[in-house]
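Only this structure's heavy atoms are used, side chains among them; waters, hydrogens and symmetry mates stay out. Lettering of chains follows the sequences in order, A, B, ..., and the numbering in each one begins at 1. Only a predicted model underlies this, so the values are computations on that prediction, with no experimental measurement involved.
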2 protein chains.
Amino acid sequence: MLDTFQALAEPNRLAIVSLLKAGPRSVGDVVDALGIRQPQVSKHLSTLKAAGLVEVHPEANRRIYRLRAQPFMSLQAWLEDYRALWAARFDEMDKILEEIQQPGDEPEE
Amino acid sequence: MLDTFQALAEPNRLAIVSLLKAGPRSVGDVVDALGIRQPQVSKHLSTLKAAGLVEVHPEANRRIYRLRAQPFMSLQAWLEDYRALWAARFDEMDKILEEIQQPGDEPEE
DNA sequence: ACAGAATATTCCGGAAGAAGAATATTCAGG
DNA sequence: CCTGAATATTCTTCTTCCGGAATATTCTGT
């Protein structure tokens, strides 16, 4: 869990994860999409892979990275332990949901 | 969201959050429970407060820290965006099973 | 086997951040 | 008001980690 948080606690890596949410991408795709230089993308992907957040499978000339489901499921399970926190506070929950649904408002990054 | 991940991406802070899950605690309580020195506990709590993960309310001589629900709800909402991940995994599994039965076209990105 | 594209790795300088020690602040009670 | 307990704040290393640049590696097609 700590590894997951550490992996996500960096802006570019969070952006990469967010991009990969839409589907698998090659390193070059990530470079083009996010405007980060290739070596840094490779390094960040390496970090994400070490944390188990992504997996690689080579395809022709490229290496395709995709999100792994497992850490997200673990995160979900981790969150369950905190559910008692907000279970009773539906008023706040409404506010949060509104905030997230606001157009132009990015819930991440 | 990034702030939340950064706040949780440190072992002692994660431990503090985990402790506070059981209920509000004073600084001294945290010190005793986790065996971290008082100044570091204060600093970490300060960091957690800046990230909106905890709130303080003084009580007599002590300062009581408690978890705030909001970031956890946001995290939950953030996770929802990734739910397709493990749903899609079943899709892929279905697709693979289909392909085995009737080999056919190229999967699209 | 070679050339070129795609990706990974290494080295370095600098910035962020965590711990330790010492000190400052705040506050309740006498 | 003073005192002591509880907590916060500086200041100083020290380590970790990110980005930039250069280079190495790996693979494909020819």
Side-chain angles (χ1 to χ4, degrees), chain A residues 1-20 22-68 71 108-109, chain B residues 1-20 22-68 71 106 109:
Chain A
M1 200 51 40
L2 182 63
D3 296 330
T4 300
F5 288 135
Q6 287 176 341
L8 296 173
E10 203 278 333
N12 288 326
R13 280 197 298 269
L14 188 56
I16 290 174
V17 167
S18 178
L19 175 65
L20 292 185
R25 296 281 190 278
S26 73
V27 177
D29 288 343
V30 176
V31 169
D32 294 343
L34 301 183
I36 311 171
R37 295 170 194 276
Q38 179 267 318
Q40 331 296 341
V41 170
S42 281
K43 284 188 251 184
H44 283 309
L45 283 170
S46 172
T47 300
L48 289 171
K49 179 157 162 280
L53 275 162
V54 302
E55 63 189 12
V56 185
H57 64 102
E59 193 166 295
N61 213 4
R62 326 257 165 115
R63 310 199 73 190
I64 308 297
Y65 285 85
R66 85 165 61 195
L67 291 181
R68 292 185 63 241
E108 70 195 295
E109 277 135 330
Chain B
M1 200 50 42
L2 182 62
D3 297 329
T4 300
F5 288 135
Q6 287 177 341
L8 295 173
E10 203 279 332
N12 289 325
R13 280 198 296 270
L14 189 56
I16 290 175
V17 167
S18 178
L19 175 66
L20 292 185
R25 296 281 189 279
S26 73
V27 177
D29 288 342
V30 176
V31 170
D32 294 343
L34 301 182
I36 313 171
R37 297 168 195 274
Q38 179 266 318
Q40 332 296 339
V41 170
S42 281
K43 284 189 249 183
H44 283 309
L45 283 170
S46 172
T47 300
L48 289 171
K49 179 156 161 282
L53 276 162
V54 301
E55 63 190 12
V56 186
H57 63 102
E59 194 165 294
N61 213 4
R62 326 257 165 115
R63 309 198 76 191
I64 308 297
Y65 285 85
R66 86 164 64 198
L67 291 181
R68 291 185 63 242
E106 294 287 318
E109 176 208 352

With heavy atoms under 4.0 Å as the rule, sort A:Pro58 into base, sugar-phosphate or nothing.
-> nothing
Rounded off to whole Å, could you give me the CG-to-C1' distance for the B:Asn61 and C:dT26 pair?
-> 8 Å
Base, sugar-phosphate, or nothing: which does B:Ser46 touch, judged by heavy atoms less than 4.0 Å apart?
-> nothing
Does some side-chain heavy atom of B:Leu14 sit less than 4.5 Å from a side-chain heavy atom of A:Phe5?
-> yes
Can you figure out which of D:dG19, C:dT7, D:dA22 approaches the side chain of A:Ser42 most closely?
-> C:dT7
Is there side-chain contact between A:Leu19 and A:Asp29, with at least one heavy-atom pair below 4.5 Å?
-> no
Closer than 4.0 Å, any side-chain N/O of A:Tyr65 to the OP1 or OP2 of C:dA6?
-> no
Counting side-chain heavy atoms from C-beta on, which of C:dA8, D:dG19, C:dA19 comes nearest to B:Asn12?
-> C:dA19
Protein-nucleotide distance (A:Leu48, atom CG; D:dC18, atom C1'), rounded to Å = 14 Å
Quick one: the side chain of B:Lys43 and the base of C:dG20, do they pair up donor-acceptor inside 3.5 Å?
-> yes
Base D:dA8 paired with B:Gln38 side chain (donor-acceptor, <3.5 Å) = yes
To the nearest angstrom, the CG-C1' distance between B:Leu8 and C:dA18 comes to 16 Å
By nearest-nucleotide position on DNA chain D, the 5'-leaning member of A:Thr47 and A:Glu59 is A:Thr47
Hey, does the side chain of B:Arg37 come within less than 4.0 Å of C:dA19's phosphate (OP1/OP2), counting only N and O?
-> no
Below 4.0 angstrom from OP1 or OP2 of D:dA6, is there any side-chain N or O of B:Arg62?
-> yes
Kindly indicate whether the side chain of A:Gln40 and the base of D:dG20 share any N or O donor-acceptor pair separated by less than 3.5 Å?
-> yes
Most 5' of A:Ala60 and A:Gln6 on DNA chain D, judged by nearest nucleotide = A:Gln6
Identify the two heavy atoms, one from A:Thr4 and one from A:Pro71, that lie closest to each other, and give their separation to 0.1 Å.
-> OG1-CB, 4.1 Å
Which whole-number value in Å describes the distance from B:Arg25 CZ to D:dT7 C1'?
-> 18 Å
Euclidean distance, atom CG of residue A:Asp3 to atom C1' of D:dC17 [Å, nearest integer] | 15 Å
Expressed in angstrom and rounded to an integer, what is the separation of A:Ile64 atom CD1 from D:dT26 atom P?
-> 19 Å
CG of B:Asp32 versus P of D:dA5: gap in Å, rounded?
-> 15 Å
Flag the pair A:Ile16 / A:Leu34 as yes when at least one side-chain heavy-atom distance between them is below 4.5 Å, and no otherwise.
-> yes
Going by the side chain to side chain contact (heavy atoms under 4.5 Å, CB included) test, name the single residue among A:Arg63, A:Arg62, A:Arg68 that passes it with A:Tyr65.
-> A:Arg63
Distance below 4.0 Å between B:His44 side-chain N/O and C:dG17 OP1 or OP2 = no
Taking side chain as C-beta onward, heavy atoms only, is A:Val56 less than 4.5 Å from A:Leu45?
-> no
In whole angstroms, the gap separating C1' of C:dA18 from CG of B:Leu45 amounts to 15 Å
